[in-house]
Amino acid sequence: MMLLKSFSLRCFTPFLFFVLTGTALVGRVEAEELKIEAKLIWGTDDEKSTDPGHKPVDEPLAKELRKIFKWKNYFEINRQNGVVPNRGSKQFQMSKQCTIEITELEGPKVEVKLIGEGKPVNKTTKALSRGEFFTLGGESKNGCAWFVVVTQQQ
Amino acid sequence: MNRDLELKLQAYVDGELPQREAQSLAAWIAEDKEARALLAELKMAKAVLAGNEPELSVPESREFYWSKISREIHRLESAETRPGAGLWFSWQKYLAPLAGVALVVLLALGAFNIYNARVRDNDARHLAEIENLSEQMGAFSFRSSENMFVVWVYDKATDEAVEPELIDDLIIQ
């Protein structure tokens with residue numbers, strides 16, 4: 001019985017410490033680095049891209065884009081994968097003219113900055129969840145459109 | 001006979017009184033019958049005890065045996081001089097149930113915290129803060145479905161006049 005009491009006393013303090021520490025950490029586990037995939041997409045009514053190297057985007061994304069926009073076909077121009085560090089930033093160069101900078105923020109949220117020809121154009125701050133398409137887009141002068149689709153990878 | 005005289009008689013029997021006091025006490029005993037009776041009784045008890053006192057031997061040496069006693073005395077004295085220690089030991093029996101209650105409370109708080117964070121995140125998913133960093137460019141956002149959030153960027157010089165219609169022009173749904 002004495003041994004049991006002694007054991008419970010010895011274990012009590014570290015046990016309580018671990019419980020308190022674990023509980024305190026519960027609210028902190030959300031902070032993490034983000035695995036990001038960014039695609040530069042070209043929207044057009046043409047059946048084929050001007051560059052034969054450009055492949056049509058995968059069908060689920062194309063379907064989502066067709067639901068919203070007027071263009072019939074969507075071609076993937078470039079794809080970048082990278083890791084945005086916790087509370088840090090990373091730039092993804094999508095083309096010579098287009099760069100996006102993603103910053104992981106408290107919340108968890110992301111800040112996506114669109115940089116066109118070296119100049120900041122737009123900054124969007126929002127929560128980004130897995131499976132969600134965060135799309136930046138604009139119309140180009142030839143009646144086509146560009147899109148940068150950002151997704152968080154598993 | 002009072003208590004002091006009885007103790008003096010005991011001291012007299014044990015030979016612990018100074019000689020002068022022993023002599024005066026002997027004179028008093030000779031005159032007092034009750035004192036004589038008590039003296040005889042004390043002497044008899046002393047003789048009985050002296051003849052029948054058991055002699056015990058310990059396996060350890062005398063010094064080692066005394067050191068054990070000394071350590072025990074020291075331990076008890078130090079325990080008495082620490083009032084906080086007594087309080088701590090009296091709380092021991094409550095520690096186990098208190099730990100259990102604390103654990104349940106902490107788990108409940110943790111679960112509540114996680115639930116709140118999920119609700120908050122779900123609400124936050126639909127909110128976005130958009131800032132135009134270029135004077136020439138404008139932007140608006142919309143959510144087309146649960147999984148598609150769009151920020152549409154346009155050139156103010158060419159599109160501003162038709163901005164209200166832009167969505168209709170762009171969006172076929």
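Side-chain atoms are counted along with the backbone in the values below, which use heavy atoms only and exclude waters and symmetry mates.
- For the atom pair B:S134 OG and A:K123 NZ, the distance stands at 14.0 Å (nearest 0.5 Å).
- Electrostatic pairing of A:E132 and B:R143 counts as a salt bridge here, judged by a charged N lying under 4.0 Å from a carboxylate O.
- The environment of CD in A:E59 is crowded: more than 12 heavy-atom neighbours from other residues, nucleotides or ligands sit within 6.0 Å.
- Under a hydrophobic clustering in which Ile, Leu, Val, Met, Phe, Trp and Tyr are joined whenever their side-chain heavy atoms come within less than 4.5 Å, directly or via other members, B:V153 and A:I100 fall into the same cluster.
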Working for side chain to side chain donor-acceptor pair (under 3.5 Å), residues A:E64 and B:S145:
CA-CA 8 Å; A:E64 283 283 342; B:S145 67; 3.2 Å; yes
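- Between chain B and the options A:G131, A:A145, A:P120, heavy-atom pairs under 4.5 Å are most frequent for A:P120.
- A:I115 and A:V110 fall into different hydrophobic clusters, where Ile, Leu, Val, Met, Phe, Trp and Tyr residues are linked whenever their side-chain heavy atoms come under 4.5 Å apart, directly or through other members.
- Side-chain contact between A:F133 and B:V150: absent, with no pair of heavy atoms (C-beta onward) separated by less than 4.5 Å.
- Within a 6.0 Å sphere centred on CD of A:E117, other residues, nucleotides and ligands contribute 12 heavy atoms or fewer.
- The structure places OG1 of A:T125 at 12.0 Å from CG of B:L127, a figure rounded to the nearest 0.5 Å.
- Taking the six-membered ring for Trp and thresholds of 30 and 60 degrees, B:F149 and A:F134 have nearly parallel ring planes, at less than 30 degrees apart.
- In B:E34, the CD atom is not crowded: 12 or fewer heavy atoms of neighbouring residues, nucleotides or ligands sit closer than 6.0 Å.
- For B:R3, the CZ atom is loosely surrounded, since the number of other residues' heavy atoms within 6.0 Å does not exceed 12.
- Residues A:K119 and B:L133 fail the side-chain proximity criterion, which asks for heavy atoms closer than 4.5 Å.
- The local environment of CD in B:E6 is crowded, with over 12 non-hydrogen atoms from other residues, nucleotides or ligands closer than 6.0 Å.
- Between B:E129 atom CD and A:T124 atom OG1 the span is 9.5 Å, to the nearest 0.5 Å.
- Of the inter-residue distances, the one linking B:W152 atom CH2 with A:L136 atom CG reads 10.5 Å to the nearest 0.5 angstrom.
- In this structure, the side chains of B:M137 and A:N122 stay at 4.5 Å or more apart for every pair of heavy atoms.
- With hydrophobic clusters built from ILVMFWY side chains whose heavy atoms lie under 4.5 angstrom apart, A:F75 does not share a cluster with A:W146.
- With a 4.5 Å cut-off on non-hydrogen atoms, A:L114 touches chain B through its side chain but not through its backbone.
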